[in-house]
> 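Here you go, one structure.
All heavy atoms count here, side chains included; hydrogens, waters and symmetry mates do not. This one's a predicted model, so the numbers in the text were calculated from it and none came from an experiment. Convention: sequence-line order gives letters A, B, ...; per-chain numbering from 1.
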Amino acid sequence: MAKNLLIVESPAKAKTIEGYLGSDFLVKSSYGHIRDLVKTDDAIDTDNKFKQKYEVPADKKAVVSELKKLAKVAETVWLASDEDREGEAISWHLFETLGLKEDATKRIVFHEITKPAILKAIENPRKIDYNLVNAQQARRVLDRLVGFELSPVLWRKVKPSLSAGRVQSVAVRLIVEREREINRFHADAAFKIVAVFHTGKGKELFKAELPHRFDTKEEAKAFLNDSINASFAVSTLEKKPAKRNPAAPFTTSTLQQEASRKLGFSVARTMQVAQRLYEAGRITYMRTDSVNLSDTAIKAAENEIVKAYGEKYHKLRKYKTKSAGAQEAHEAIRPTYFSEHSIDGDASERRLYELIWKRAIASQMSEAEFEKTVAKISISTRKEELTATGEIMRFDGFLKVYMESTDDEGDVTGDTESDNALLPPLEAGQALILNQMSATERFSRPPARYTEASLVKKLEELGIGRPSTYAPTISTIQNRGYVVKEDRDGKPRDYRVLTLDNGVVNENIKTEMTGVERNKMFPTDIGVLVNDFLVEHFKDIVDFNFTASVEKEFDEIAHGSKEWTDMLENFYRPFHHEVQDTLENADRATHERELGVDPATGKPVSVRVGRFGPLVQIGSADDEEKPRFASLRKGQMIETITFEEAMELFKLPKKVGEFEEKEMTVAIGRFGPYIRHNSAFYSLPKGLDPLDVSQEQAIEIIKEKRQKDIEKVIRVFDENPDAQIENGRWGPFVRFGKQNLKIPKGTDIQAITYADVLKWAEEDTKGGKSTKKTTKRATTKKK
DNA sequence: CAGTGAGCGAGCTTCCGCTTGACTT
C-alpha cells in the first residue's frame, strides 16, 4: 500500500503525474468539485451568516467513497487541486468530506505538469488557504442567490422555466443590445476612388487609392472628369521597414475564436475535440486563461524550431496575460511534444492539433520583417494625391508556420484589400500612365453580430465567466430560447460605379447582397423581453461591470482584508429587497405592439408573444368573432416587424388547387416554404415566392420529389414494403414505417435481412432513445 | 418535424464552476 495519496482534479493529469513519482505515491483524481450546495431553497441560511448546506451529488458518491477508503490507509494525503479559488475550495471540500487529519494532510500547488515542477511542489507543501476558500464560498453563494432569486421572478412575471444569472443574463444583454445597434444603424454611402496605373507599355499594373471618399456622385464624377486629361507622377516615395510579431499561445478563449474562424468549429465542438487531444496526451490542459509556457516547453520549442527551420527563426518570448480576471492555474494550451508536427486521429483532431502546434511554435519564433512602400501620386489637375502602397516580405519569421486571422468586426471604412500588394520599382518624379479609374459607391457597415466565439471574447474582456464555462454558457442561452444561432438571407442593394476608361466616364448600377449572415447570434423575442425586464428592475446585476466589481471584493476576501459574510450582507440585503419589491409591484412583462388596423375588417392588428412564440393577431379576444392568428417567421421580431410584413403572414396557408383528388396547400413552416398534399410535405425550391405558386408548379414539385424519393431507395424488403434501405444525408439508413433506424457500423448493406430490421426497430423503441425523445418534447412543447 | 394559439390549475422549473463519461445525431 502506497504511503502517499495525491489527489488532483483531472484523471488525465493523475496519470501523467503518477509517471513522475515513484511507487510511494498513489495519484487519484477528484473529477472536479465533489460537493455542491443542496438543490433546495434551504441551501443558504441568509439570516445566519449565509451558512451553507452541502451535499455530495449522486454522480460523485463513488469517487468520494473510493478516495475516503484510500485516504484512511495513507500516511499522508496531498491535496494537489489547482492553484486558484475553485481549486482551493476543492481541497477544502476534500479535507472536510474525506475526514482528513490536519497533520497528515499537505496542500501543494503547481502551474505546469512537468517533473521538476511536481517535485518542487512536493518539497514546498503548505496549509489550506482559508481566505481563498472563503472567496470561493462568497462567489458560490452569490451566484446561487442571484440565480435562484431572479429566476422565480421571471417565472412569475414572464413565463415558467426561464432563468437568469450573473453570467448568462449579461451574455444575452450583449446580444440584444448589439441587435438594437444594428437596427438603429443607417448606412452612409460614399464614393471610393481607385486608379490603376502602369509605368510604360507592357509593364505591370498596380493600384492606387484616394485616401478620402466623396460624399456625392457629382463630386466623384468631377474627380474622374478632371483625371481624363491629367498627367500623373510619383510625388514622394517612402520606404520603411515594418515588423510583425507572433500572437501568444492559445488560451481557451483564443483557441475557441481561432478554431471558429479557421476551422468553422462551434465553441462546444472545439472543447470536445480538445478534450480528446488532452486525454490522448497530445496537448496540455484546454481550460486555461494563461498564456504562459513552462521553461521545459520553451526549451523544447526552441529545439524544434532550430532543428526544423534554423537558428534565425527562433526567438525566446514570454507572454503576459491581458485579461483582468485571469487566475492562471495552468499553462497555455500547447502540444505536449513539439517534435510531433501532426498526429493520427480523425480529421477534426488532426486539424485542431495542427492549429495548436503552429500557434505555440510560432509564439517562440522571430518576427516577420517587411519593407513597406508608400508612393504618393500627384494629379496635374487636382490638389489631392493618390496613394499606392506595397509590401515586400524581407524575412518570413513566424509566418513560416502560422498566420493569425482576425474577426471581421464592422469596419466603418468598408473593404480594405490590396494592402500588401506588390509595387513595381518606382522613383520619385517618375511619370505614370493611367490605365483605368473608378469611383465605387461604398456603404458604411453596422457593428458585426456576435458569433459564439466573438461573444466569448467579449465576455472574457469583461471578466465574465471562466474557461470551463464559456461553452456551457453559450449553450444555456440558446437552450433557454433567449438567442438563436442562425443563417439569415440578405437583401440585394444597388450601388453606383463610375468608370473612366479610354477617356470616357461611364456610369453603371450594380447589385450586391447586404446583411447576409452565417452562424450568427440573434436575440429572440423572449430574450428581448427577459432582458428588458431585468434591465428595468435589476439594473445592477445585469450591468456589464457587476462581475468586475464583485471580483474585486472576492480578491479582497482572498487577501484577508475583507470578511466574506460582510460582503454578502452588503450585497444581499438591497438585492433581496429589490426582488420582493419587483414581485409585489412590477407588472407582468409583455411586449405587445399595435401595428395598425386591418383595412378589410377594421379590426386592430397587434403582435405579442403567445404560448407557442411570437404571433400577429387581428381582432381581440373580447370580439364576438374569433381573432385570427399567424406566427412570426424566422428573422421577424415583435420589435421590428412592420404592418405590411404582418399582413403578409395572413396570405398563407393558401390552397393552390387539387392533385389526385386531394387539396394542395402552400404554407411556411420552421424549415421554409412547403406544399402539403395528402399529409405529405414537399419543400419549395429556393427563390420561388410561396404566394405565387401555381397549380401546375405545385404538381411538378410533388412529382419531382416523388421521383427523387424513389431514386434514394437502395433496397425494399419483400416481407414488408414499408421497410426499405435509403440513402440519407449521412449515408444509408433503414426506413421502417415511421421509424428511421441507424445501420450499425461495418454492416454489409446487401446482407441485411428483414429479421435484422425487426431487431433494430425493437432496440430503437425500447432503448434510451424513446425516453430521451419524450423529455426533449416535454421541454419544447411545455404541456 | 411544419397546421396551433384557451380551457382546470398540481407541482415543477432556476445559478456558476470544477471535472468526465454515457448518451444520441
> Taking any heavy-atom pair under 4.0 Å as a contact, classify Gln168(A): base, sugar-phosphate, or nothing.
sugar-phosphate
> Just jot down the salt bridge (Lys or Arg N to Asp or Glu O under 4.0 Å) partners of Asp41(A), sequence neighbours excluded, or say none.
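For Asp41(A) there are no salt bridge (Lys or Arg N to Asp or Glu O under 4.0 Å) partners, ignoring immediate neighbours.
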> Side-chain donor-acceptor pair under 3.5 Å between Ser10(A) and Tyr278(A), yes or no?
yes
> In which ranges does DNA chain B form stems of 3 or more consecutive Watson-Crick or G-U pairs, distances under 3.5 Å?
none
> Using the test side chain to side chain donor-acceptor pair (under 3.5 Å), find all partners of Gln478(A) that sit at least two apart in sequence or belong to another chain.
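Listed in chain order: Glu452(A).
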> Using the side-chain heavy atoms of Arg287(A), tell me which of these nucleotides is nearest: dG3(B), dG17(B), dT20(B).
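My answer, after comparing the listed nucleotides, is dT20(B).
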> Under 4.0 Å, counting only non-hydrogen atoms across every strand here, what does Tyr470(A) touch: a base, just sugar-phosphate, or nothing?
nothing
> Given dG3(B), dT20(B), dC18(B), which nucleotide is nearest the side-chain atoms of Tyr674(A)?
dG3(B)
> Checking only heavy atoms, does the side chain of Arg466(A) share a donor-acceptor pair with the base of dC18(B) at less than 3.5 Å?
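It does not, because no donor-acceptor pair links the side chain of Arg466(A) to the base of dC18(B) below 3.5 Å.
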> Closest nucleotide of DNA chain B for Gly465(A) versus for Arg608(A): which of these residues is on the 5' side?
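That would be Arg608(A).
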> What heavy-atom pair brings Leu649(A) and Ala630(A) nearest, and what distance separates the two atoms?
CB-CB, 3.9 Å
> Please determine, for the side chain of Pro11(A), which listed nucleotide (dT19(B), dT14(B), dC18(B)) has the closest atom?
dT19(B)
> For DNA chain B, which residues of residues 79-92 of chain A approach it to below 4.0 angstrom with any heavy atom?
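Heavy-atom cutoff 4.0 Å gives Asp82(A), Glu86(A).
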> Taking only residues two or more places apart in sequence or in another chain, which ones pass side chain to side chain donor-acceptor pair (under 3.5 Å) with Ser290(A)?
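Partners of Ser290(A) under the side chain to side chain donor-acceptor pair (under 3.5 Å) test: Glu328(A).
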> Quick check for you: among dT14(B), dC15(B), dC16(B), whose closest atom lies nearest to any side-chain atom of Arg139(A)?
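Comparing dT14(B), dC15(B), dC16(B) against the side chain of Arg139(A), the answer is dC16(B).
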> List the residues meeting side chain to side chain donor-acceptor pair (under 3.5 Å) with Lys603(A), not counting sequence neighbours, and say none if there are none.
Glu625(A)
> For dT14(B), does the base pair up with any side-chain atom of Ser163(A) as donor and acceptor (N or O, under 3.5 Å, distance only)?
no
> Any base atoms under 4.0 Å from Tyr682(A), or only sugar-phosphate, or nothing? Heavy atoms, all strands.
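The answer is nothing, as Tyr682(A) stays clear of every strand by at least 4.0 Å.
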> With rounding to whole Å, what would you report as the distance between dT24(B) and dT20(B) at their P atoms?
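Rounded to whole Å, the distance is 22 Å.
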> Base, sugar-phosphate, or nothing for Gly165(A), non-hydrogen atoms under 4.0 angstrom?
sugar-phosphate
> Using side chain to side chain donor-acceptor pair (under 3.5 Å) as the criterion, list what pairs up with Arg608(A), not counting sequence neighbours.
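In terms of side chain to side chain donor-acceptor pair (under 3.5 Å), with neighbours along the sequence ignored, Arg608(A) is linked to Gln617(A).
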> Got a sec, which residues hit ring pair (Phe, Tyr, Trp, His ring centres under 6.0 Å) with His111(A), two or more places apart in sequence or on another chain?
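Here no residue qualifies.
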> Is there a donor and acceptor pair, one atom on the side chain of Ser631(A) and one on the base of dG5(B), closer than 3.5 Å?
yes
> Ignoring hydrogens and geometry beyond distance, is a side-chain donor-acceptor pair present between Thr284(A) and Glu331(A) at under 3.5 Å?
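Side-chain D/A pair, Thr284(A) to Glu331(A): absent.
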> Of the listed nucleotides (dC15(B), dG17(B), dT13(B)), which one gets closest to any side-chain atom of Pro160(A)?
dT13(B)
> Counting side-chain heavy atoms from CB outward, which of dT14(B), dT19(B), dG17(B) is closest to Arg166(A)?
dG17(B)
> Nearest-Å distance, CD (Glu551(A)) to C1' (dG17(B))?
12 Å
> Output the single nucleotide from dG5(B), dT20(B), dT14(B) whose closest atom is nearest the side chain of Tyr278(A).
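Nearest to the side-chain atoms of Tyr278(A), counting from C-beta on, is dT20(B).
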> Where do Val172(A) and Gly527(A) come nearest, in terms of heavy atoms and distance?
CG1-O, 4.0 Å
> Listed in order of residue number, which residues of residues 146-156 of chain A have a non-hydrogen atom at under 4.0 Å from DNA chain B?
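Hits under 4.0 Å, by residue number: Gly147(A), Phe148(A), Ser151(A), Pro152(A), Trp155(A).
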> Not counting sequence neighbours, which residues clear salt bridge (Lys or Arg N to Asp or Glu O under 4.0 Å) with Lys651(A)? List them please.
Glu648(A)
> Who pairs with His33(A) by ring pair (Phe, Tyr, Trp, His ring centres under 6.0 Å), at least two apart in sequence or on another chain?
none
> Among dT19(B), dT14(B), dG17(B), which nucleotide has an atom closest to any side-chain atom of Arg480(A)?
dT14(B)
> In whole angstrom, give the distance that lies between atom CG of Leu615(A) and atom P of dT4(B).
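It is 11 Å, rounded to the nearest whole Å.
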> Can you sort out the partners of Asp346(A) under salt bridge (Lys or Arg N to Asp or Glu O under 4.0 Å), two or more places apart, ordered by chain and number?
Arg276(A)
